[in-house]
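Note on naming: letters A, B, ... go to the chains in the order of the sequence lines (proteins, then strands), and numbering restarts at 1 for each one.
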Amino acid sequence: MPIKVENVNFIYNEGTPYATVALENITFEIQDEEFVGIIGHTGSGKSTLIQHLNGLLKPTSGKIYINGIDITDKKVNLKEIRKQVGLVFQYPEYQLFEETVFKDIAFGPTNLGLNEEEIKKRVYEAMDIVGINRELADKSPFEISGGQKRRIAIAGILAMKPKILILDEPTAGLDPKGKEEILNRIKEIHDKYKMITILVSHSMEEIARFANKIIVMNKGRIELMGTPREVFSEAEMLEKIGLGVPQITSLARELRQRGIPIPQDVLTIEEAKEHIVRYLRGTKNV
Amino acid sequence: MFRNITIGQYVPGDSVVHKLDPRIKIIITFIFIIAIFFINKLSGYLFAVFYLWLIIAISKIPFSYILKGLRPVIVILLLTVSLNIFFTPGGTILYTVGPLRITTGGLRLALFMGLRLIFLIIGTSLLTLTTSPISLTDGIEHILKPFSSIGVPAHELAMMMTIALRFIPTLIEEAEKIMKAQMARGADFESGNIVKRAKGLVPLLVPLFISAFRRADELAIAMESRCYKGGQNRTRMKQLKTQPRDYAALAVTLIIVMLIVWNRSWTW
Ligand SMILES: Nc1ncnc2c1ncn2[C@@H]1O[C@H](COP(=O)(O)OP(=O)(O)OP(=O)(O)O)[C@@H](O)[C@H]1O
Ligand SMILES: [Mg+2]
């Protein structure tokens, strides 16, 4: 289900004194199986952008195609689109409302009109995927921990079996361990189901690890777009818009400036280690 | 969907109307509302129209904004007008539909009631459109203060209003966000019969209430940890001071009121 966004502009509260331009001339394409990272400063329009991808917001101008269907068209069946495009909001645990974890996860599939058997199957499946013990199914979603709530909210979307999974800062406000767990789950889901995955994040490290394409947003515009290597080689530009590069890339850059020949687009610690070790061996041999 | 509500919304600006002392503005609004009820002929509304036009022109509030303020009350307006048309006895009968009859008296009363409501809403929305919520509550507190000796909790009322006004936009924003999140899960808020729609609100209301209570709790703790304690002897950052322009505004309003009263004795 490829995504194609063409010249999208969006203005909040258009025609009032409170009008805010949130998106300007956004154009990009995402192919099947891609893992895309969207990164940008607070207020750069990330959340606004992804809400366009399942028709929750309609662009002020421009077109959005999902699998070739123009979802900005008035006649399009949005329910069908939302079934295909699963969107996990920022702080999704605040949307939990049912009496039990099971019922909450079942909310999406029930709205899709599935039968009870299928719903049950999907709910338990989703719980397994996000790593929630099945014993929690009958607990109230309000008496479990924050990290678990977050996972239940994600499970609620997964149970709808979307073809495209979009997550808005899924690690915000979690401790390092919780972050790591959620990210690994997301990676696993992507590897297993090969659905297009779009991850919105503030953290370069997170994005660098998983994404094969990065979209850098700044003040409602796409500032940079490309593979992690392409994007992180623009360190100055990223720093100018207040983002910076992953710590390891930054270390590599410092080393380079001091005359140690390390490529400036190193992304992972492993890679950096290799280059540094090779360099150290080289100097010793001389 | 909630954002179309403009009643109670402030449009920042730096016109004379914006700068008027909030106490004077509140009093003027009251005087105007009372004056509206004194009008007994159509020609009387000319003065009211002129007065409102004057305020709108000076304050530079877009007219479309004022019309939008009327939209949410259109149902009430239509209801009032039609009730008055059909159920007012008196005058000559123009038309009969079953037990209902339309009389000249009914038409006249409906027209007046409709106009009164419209002017009342425009008048009050001009007050809130040109006065920031903070100065509005400040004004109310000052006006109520003389009554605190007879037990009116002026400061507490004002504080409650400030907090409520402060959180209305937050709650609206929150409601929109939750709605969108549930719509992403396939929730449907827009179709179906009344029972289905009411049930459909549960996924919106439960999280909304939870977050409202959480916010209230947090606010209470934040206020207490900063030693907030009622209204006694609190000083303020902004002292209200009446200026010549406030008296001028009051004078203009009183002139309009006199004209309206005088208009009652006209023959047309
Ligand atoms: N519901 C709304 N009404 C009006 N303006 C909004 C609304 N939501 C966002 N904005 C504005 O649109 C711009 C983009 O906001 P958006 O939430 O998309 O940013 P973001 O990149 O997701 O930020 P964050 O990292 O803080 O989540 C901001 O200037 C914001 O103030
Ligand atoms: Mg956001």
Side-chain angles (χ1 to χ4, degrees), chain A residues 12-19 47-48 50-57 78-99 103-114 140-142 149 153-160 162 164-168, chain B residues 1-6 9-15 18 59-69 129-130 132 169-192 196 199-215:
Chain A
Y12 277 109
N13 306 316
E14 202 187 5
T16 73
Y18 297 96
S47 302
T48 308
I50 55 171
Q51 284 171 41
H52 278 81
L53 300 182
N54 71 348
L56 283 173
L57 292 176
L78 282 175
K79 222 166 172 176
E80 195 55 36
I81 297 295
R82 287 178 194 151
K83 188 169 148 187
Q84 315 283 0
V85 184
L87 173 55
V88 181
F89 270 70
Q90 220 163 340
Y91 296 104
E93 56 273 25
Y94 292 146
Q95 314 140 26
L96 302 176
F97 70 97
E98 278 285 10
E99 294 145 64
K103 279 193 192 166
D104 212 290
I105 299 176
F107 182 65
T110 310
N111 286 330
L112 297 181
L114 302 172
S140 155
F142 301 108
K149 278 188 200 165
I154 295 176
I157 295 290
L158 289 177
M160 295 170 75
I164 298 171
L165 178 64
I166 307 175
L167 301 115
D168 195 352
Chain B
M1 114 177 227
F2 298 105
R3 279 169 201 276
N4 296 328
I5 301 170
T6 54
Q9 205 175 49
Y10 172 54
V11 180
D14 58 357
S15 71
H18 283 84
S59 64
K60 298 204 184 69
I61 301 276
F63 193 64
S64 61
Y65 232 71
I66 291 155
L67 286 185
K68 255 201 249 160
L129 283 169
T130 61
S132 75
T170 313
L171 278 181
I172 289 177
E173 214 168 273
E174 192 115 343
E176 268 184 357
K177 209 186 280 169
I178 297 169
M179 245 169 111
K180 278 192 200 157
Q182 307 297 25
M183 274 155 77
R185 296 211 271 167
D188 188 351
F189 294 102
E190 270 136 27
S191 59
K196 198 172 153 236
K199 263 194 195 157
L201 283 179
V202 173
L204 168 65
L205 293 180
V206 172
L208 194 61
F209 272 99
I210 291 175
S211 100
F213 284 126
R214 196 186 52 236
R215 271 179 209 288

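Remark: of the listed residues B/Glu176, B/Met179, B/Lys180, B/Lys180 is the sole one forming a side chain to side chain contact (heavy atoms under 4.5 Å, CB included) with A/Leu56.
Here the side chain of B/Gln182 pairs a donor or acceptor atom with the backbone of A/Gln95 at under 3.5 angstrom. A donor-acceptor distance shorter than 3.5 angstrom exists from the side chain of A/Asn111 to the backbone of B/Arg185, with no hydrogens or angles considered.
If you measure heavy-atom distances from A/Glu98 to chain B, you find no contacts under 4.5 Å at all. There is no contact between A/Ile81 and chain B, counting heavy-atom distances below 4.5 Å.
Annotation: side chain of A/Phe97 is in contact with side chain of B/Pro207 (closest heavy-atom distance under 4.5 Å). Annotation: side chain of A/Tyr94 is in contact with side chain of B/Arg214 (closest heavy-atom distance under 4.5 Å).
Under a cut-off of 6.0 angstrom, the local environment of NZ in B/Lys177 is sparse, with at most 12 non-hydrogen atoms contributed by other residues, nucleotides or ligands. Within a 6.0 Å sphere centred on CZ of A/Phe142, other residues, nucleotides and ligands contribute more than 12 heavy atoms.
The heavy-atom pair separating A/Ile157 from B/Ala184 by the smallest distance is CD1-O, 4.4 Å.
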